[in-house]
Amino acid sequence: SEACNKGGMTFLFCFVFFFFFFHLQTSRIARSDEDKEGAWDAWGAWSDCSRTCGGGASYSLRRCLNGRNCEGRNIRYKTCSNNDCPSDVGDFRAQQCSAYNDVKYQGHFYEWLPVYNDPSAPCALKCQALGKQLVVELAPKVLDGTRCNIESLDMCISGICQAVGCDRQLGSNAKEDNCGICAGDGSTCRLVRGQAKAHVSSEKSKLQIDPMLIYP
């Protein structure tokens with residue numbers, strides 16, 4: 001730095017040197033980040049949905065091109081088949097329990113019913129024998145797309161409970177407002193006689209009372 005203070009030409013040379021040195025270091029850092037991302041192959045096609053209705057999960061894979069030196073995940077998920085199931089389609093967790101009805105457990109056949117809302121293991125397949133106090137974990141993981149509990153849309157994926165918003169998107173925190181509108185602000189309905197809320201429709205001038213919104 002002493003040499004850089006002695007003369008104009010020397011100072012100009014030092015300035016140019018430090019400029020290119022800084023630019024080179026910055027380029028190396030940027031290139032390093034690109035190399036980390038570039039170590040992955042492109043994402044593959046999405047898999048078939050785990051369910052045909054009621055909300056399931058689909059996954060996509062990518063391959064690390066540098067062996068095990070890639071940063072990030074090699075799998076990603078999204079929700080699918082979010083259309084409601086027909087009324088004659090049974091509960092998804094119940095279907096999985098009943099699949100063991102033809103499998104002997106400790107030498108006996110049982111008719112299995114699902115155990116819901118287990119806070120300790122929401123994504124394990126726990127079932128109870130019909131008419132008995134016998135509760136058994138028949139599988140460590142339910143199938144992808146099974147609801148974690150009956151009060152929410154959260155679903156089990158690879159044995160882990162994942163948040164699902166009212167918009168049916170994975171990882172979403174969207175909630176219904178008091179009017180039943182997803183991510184709404186409560187402005188689309190109003191109290192009627194303090195007992196029920198009526199939807200205000202722009203297409204119809206009359207009020208439509210929703211019996212599901214009656215308050216005690």
Side-chain angles (χ1 to χ4, degrees), residues 40-65 68 70-177 180-183 212:
W40 289 104
D41 198 359
W43 285 104
W46 289 101
S47 70
D48 292 337
C49 193
S50 62
R51 300 185 65 185
T52 57
C53 62
S58 176
Y59 66 86
S60 173
L61 298 170
R62 62 177 177 174
R63 183 169 57 95
C64 180
L65 301 177
R68 297 183 178 180
C70 295
E71 293 185 2
R73 297 182 301 172
N74 70 331
I75 188 169
R76 60 179 177 174
Y77 296 94
K78 69 175 182 177
T79 59
C80 49
S81 298
N82 289 316
N83 53 297
D84 292 334
C85 291
S87 56
D88 59 341
V89 175
D91 175 75
F92 195 37
R93 191 181 287 265
Q95 292 175 14
Q96 295 170 63
C97 283
S98 64
Y100 288 86
N101 290 351
D102 298 329
V103 180
K104 279 188 177 182
Y105 177 76
Q106 295 182 347
H108 298 86
F109 290 106
Y110 296 96
E111 184 176 346
W112 297 104
L113 302 176
V115 175
Y116 297 100
N117 300 349
D118 182 354
S120 62
C123 292
L125 182 62
K126 291 187 177 181
C127 310
Q128 182 174 356
L130 179 65
K132 300 183 180 298
Q133 297 300 316
L134 179 63
V135 175
V136 180
E137 182 180 296
L138 295 177
K141 297 188 295 187
V142 292
L143 297 179
D144 287 353
T146 306
R147 298 280 174 84
C148 303
N149 56 72
I150 59 177
E151 283 86 17
S152 75
L153 295 173
D154 297 346
M155 68 171 58
C156 296
I157 297 179
S158 193
I160 300 175
C161 185
Q162 304 279 357
V164 177
C166 59
D167 54 2
R168 304 296 181 100
Q169 297 302 307
L170 198 62
S172 170
N173 294 319
K175 305 290 185 184
E176 288 187 354
D177 64 9
I181 304 300
C182 183
M212 298 300 294

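Bear in mind the structure is a predicted one, so any value in this text is a computation, not a measurement. Count residues from 1 along the sequence.
Side-chain contact between Cys80 and Asn82 is absent, with no heavy atoms from C-beta onward closer than 4.5 Å. With contacts defined as side-chain heavy-atom distances shorter than 4.5 Å, the pair Arg147/Leu153 qualifies.
A 6.0 Å sphere centred on OH of Tyr116 holds more than 12 heavy atoms belonging to other residues, nucleotides or ligands.
When all heavy atoms of Leu143 and Thr146 are compared, the closest pair comes out as O-OG1, 2.7 Å. For Tyr105 against Tyr110, the heavy-atom pair with the smallest separation is O-CE1, 3.6 Å. Considering every non-hydrogen atom in both Asn74 and Trp43, the closest pair reads O-CZ3, 3.6 Å.
When the side-chain contact (heavy atoms from CB on, under 4.5 Å) test is applied to Ser172, the partners found at least two apart in sequence or on another chain are Asp167, Gln169, Ala174. With sequence neighbours excluded, the residues satisfying side-chain contact (heavy atoms from CB on, under 4.5 Å) with Ile160 are Gln162. Residues satisfying the side-chain contact (heavy atoms from CB on, under 4.5 Å) test with Glu151, not counting sequence neighbours, are Asn117, Asn149.
Between the Ser47 side chain and the Ser58 main chain, no donor and acceptor come within less than 3.5 Å of each other. Between the side chain of Asp144 and the backbone N or O of Ser158 there is at least one donor-acceptor pair closer than 3.5 Å. A donor-acceptor contact shorter than 3.5 Å links the side chain of Asp154 to the backbone of Val164. The closest donor-acceptor contact from the side chain of Asn173 to the backbone of Gly165 lies at 3.5 Å or more, if one exists at all.
Disulfide check for Cys53/Cys85 passes, with the SG atoms closer than 2.5 Å.
Pairs engaging residues 75-104 under the salt bridge (charged side-chain N to carboxylate O under 4.0 Å, His left out) rule: Asp84-Arg168 [sequence neighbours left out]. Contacts classified as salt bridge (charged side-chain N to carboxylate O under 4.0 Å, His left out) and involving residues 47-59 (residues at least two apart or in different chains) are not found.
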Give every donor-acceptor pair under 3.5 Å between a side-chain atom in residues 122-140 and any protein atom, sequence neighbours left out.
unit_1, atom_1, unit_2, atom_2, d
Lys126, NZ, Asp118, OD2, 2.7
Gln128, NE2, Lys132, O, 2.7

*asked:* Quick one, Trp112 with Asn101, criterion side-chain contact (heavy atoms from CB on, under 4.5 Å). Give me CA distance, side-chain angles, the key distance, then yes/no.
replied: CA-CA 6 Å; Trp112 297 104; Asn101 290 351; 3.5 Å; yes
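Summarising the geometry, atom CE belonging to Met155 is positioned 10.0 Å from atom CZ belonging to Phe92; distances are rounded to the nearest 0.5 Å. For the atom pair OH (Tyr100) and CZ (Phe109), the distance works out to 14.5 Å, reported to the nearest 0.5 Å.
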